[in-house]
Chemist: 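After the structure tokens below, expect a handful of questions from me.
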Protein chains: 2
Amino acid sequence: MFQQLFKSIQEKVIVTHEEMELCKTFFIPKKLRKKQTLLQEGDICIYNAFIEKGILRSFYIDEKGNEHLVQFAIEGWWITDLSSFLTNSNSIYTIEALEDSELLLLTTAAREALMNQIPMFERYQRLLLQNAYIANQARINSALTETAEEKYINLGNAYPGIVKRVPQHMIASYLGLTPETLSRVRKQISNKS
Amino acid sequence: MFQQLFKSIQEKVIVTHEEMELCKTFFIPKKLRKKQTLLQEGDICIYNAFIEKGILRSFYIDEKGNEHLVQFAIEGWWITDLSSFLTNSNSIYTIEALEDSELLLLTTAAREALMNQIPMFERYQRLLLQNAYIANQARINSALTETAEEKYINLGNAYPGIVKRVPQHMIASYLGLTPETLSRVRKQISNKS
DNA sequence: AAATTCTCTTGATTTAAATCAATTAAAATT
DNA sequence: AATTTTAATTGATTTAAATCAAGAGAATTT
């Protein structure tokens, strides 16, 4: 159950065997079936979720009723609504499993306690955030400057696993494109080669 | 010289007077005149800069020669190329002062040492990153889903200080718009009221 | 103060992507 | 297996923003 999490931690910081065992006690294992949700829009996000197995997405519905895909997350990644989680505010996002998934959940309190008891866990969290920050910066640049075709090709290169695993209209939504546009972009690409 | 920095730290974590004094010794004060750069594209970003006074921007030039504004930063904010800073890679960004500015610089080594000697500084850094992550998430949503007019109005509401202080074509670049489009958007808004 | 450079505005035209609409294809449910 | 639902494709049309082009207004520099 904890393989992916331990791997993720050990890639970033050095922790003792005892710390790892202690660490386990803070997490709540949880299985989600496809289409089940971890967080409903309007609720307060009380969990930081690590994905041992499966794939999830977070999304929101705007005033006009359009759905916007905010994040995908697969094995070895974390997912939450950080804003809601940290400030106890009502989330505008829904977090949903796209396949049957196995999660390890960390409540706000458990996360705080873990960071206080194992300083290396705070470092681990900071390093994760640094990487997420860099990835988001790249996504901003992509969203502001690239054409539809460039966005799709670059996403495929950066995260081939996700593009293959997820319905096409969700990829379109993640890139800020309509499903029709993405369909045409894909056709154009395949005609070129 | 350290007023803004101390204010920023004390807003986020609790530190002793001694820790604050120790903290000072890790920073290198630096003044930049308008148009001078802290980082040149192609160089390795060796500083994490805190802004005591002034305003800076980071930007890059794409293959087609177009300039893209990545970030603004004013008093009380940090600026760096995190990717270059953390991985010692060559930066694609240039960081430049838009007004005469006063900075406090932290090298990679000084930052590591500071985090090891004052654990609350690591927490401070993590909290900064959390906020930056949330802000970037909002910027992604804006870039992917909002019209030019919405982008401009929302930026003005979120950061009135920046919109007033900076040339209009830089705001346009930050929002991923051409200067012509922003000019027309502003005209439309003023015609409405 | 004059000259130069930089910044913003306005108009005409083009273009990439969205929208609207219909059909086919695939997946899920009964 | 048949039916229903969901997803993807294709075509016609519209639209928001980009591009091209020129001129006006500010701000720096000499």
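Each chain gets a letter, A, B and so on, in the order its sequence line appears, and its residues count up from 1.
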Chemist: Where each residue is assigned the nucleotide of DNA chain D containing its nearest heavy atom, which of B:A148 and B:K34 is assigned the position nearer the 5′ end?
Modeler: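 The residue mapped nearer the 5' terminus is B:A148.
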Chemist: Can you check the B:L69 CG to C:dT7 P distance for me, whole Å?
Modeler: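 Answer to the nearest Å: 12 Å.
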Chemist: Picking from D:dA8, D:dA12, C:dA17, which would you name as closest to the side chain of A:R184?
Modeler: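 The closest nucleotide is D:dA12.
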Chemist: Of all the choices, D:dA17, C:dT9, D:dA7, which nucleotide is nearest to the side chain of B:E180 once you look at every atom?
Modeler: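 Looking only at side-chain atoms, B:E180 lies closest to C:dT9.
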Chemist: Rounded off to whole Å, could you give me the CD1-to-P distance for the B:I189 and C:dT9 pair?
Modeler: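 So the two atoms are 12 Å apart, to the nearest Å.
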Chemist: Whole-Å distance between C:dA27 P and A:Q168 CD?
Modeler: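 After rounding, the gap between these two atoms is 12 Å.
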Chemist: Decide if the gap between the ring center of B:F59 and the ring center of B:Y93 is smaller than 6.0 angstrom.
Modeler: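 No; B:Y93 has its ring centre 6.0 Å or more from that of B:F59.
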Chemist: Atom CD of A:Q188 and atom P of D:dT9: how far apart are they, to the nearest Å?
Modeler: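 It works out to 14 Å between those atoms.
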Chemist: Any donor and acceptor pair, going by atom type alone, linking the side chain of A:Q36 with main-chain N or O of A:R33 inside 3.5 Å?
Modeler: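 Between the backbone of A:R33 and the side chain of A:Q36 there is a qualifying donor-acceptor contact (under 3.5 Å).
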Chemist: Whole angstroms only, please: what is the CE-C1' distance between A:M170 and C:dA26?
Modeler: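 In whole Å, C:dA26 C1' lies 15 Å from A:M170 CE.
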Chemist: Taking CG from B:L182 and P from D:dA16, how many angstroms apart are they, rounded to a whole number?
Modeler: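 Whole-Å distance recorded here is 17 Å.
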Chemist: Look at A:K35 and C:dA28 and indicate whether a side-chain polar atom (N or O) is within less than 4.0 Å of OP1 or OP2.
Modeler: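 So the side chain of A:K35 is outside the cut-off, no N or O lying under 4.0 Å from OP1 or OP2 of C:dA28.
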Chemist: Quick check for you: among C:dT10, D:dA7, D:dA18, whose closest atom lies nearest to any side-chain atom of B:K187?
Modeler: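 Nearest listed nucleotide: C:dT10.
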Chemist: Is any N or O donor-acceptor pair between the side chain of A:R186 and the base of D:dT10 shorter than 3.5 Å?
Modeler: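 There is none.
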Chemist: Counting only heavy atoms from other residues, nucleotides and ligands, does the tally under 6.0 Å from NZ of B:K30 exceed 12?
Modeler: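 Counting other residues, nucleotides and ligands, NZ of B:K30 stays at 12 neighbours or fewer.
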Chemist: Do B:D62 and B:H68 meet the criterion of a side-chain donor-acceptor pair at a distance under 3.5 Å?
Modeler: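 The criterion, which ignores hydrogens and geometry beyond distance, is satisfied for B:H68 and B:D62.
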Chemist: When you measure from the side-chain N and O atoms of A:S183 to the phosphate of D:dA8, is any distance below 4.0 Å, counting only OP1 and OP2?
Modeler: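 So the side-chain polar atoms of A:S183 never come under 4.0 Å of the phosphate oxygens OP1 or OP2 of D:dA8.
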Chemist: Just the rounded figure in Å: distance from C1' of D:dC20 to CG of B:N66.
Modeler: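 It is 14 Å, rounded to the nearest whole Å.
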Chemist: Give me the one residue out of A:N48, A:L105, A:T107, A:L5 that meets side chain to side chain contact (heavy atoms under 4.5 Å, CB included) with A:F27.
Modeler: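 Only one of A:N48, A:L105, A:T107, A:L5 forms a side chain to side chain contact (heavy atoms under 4.5 Å, CB included) with A:F27, namely A:L5.
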Chemist: Using atom NZ of B:K64 as one end and atom P of D:dA18 as the other, report the distance to the nearest whole Å.
Modeler: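 The answer, rounded to whole Å, is 13 Å.
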Chemist: C:dC8, C:dA28, C:dA18: which one has an atom nearest the side-chain heavy atoms of B:H169?
Modeler: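 Looking only at side-chain atoms, B:H169 lies closest to C:dC8.
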Chemist: Strictly below 4.0 Å: does B:T178 bring a side-chain N or O up to OP1 or OP2 of D:dA18?
Modeler: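 Answer yes for this pair, as a side-chain N or O of B:T178 is under 4.0 Å from OP1 or OP2.
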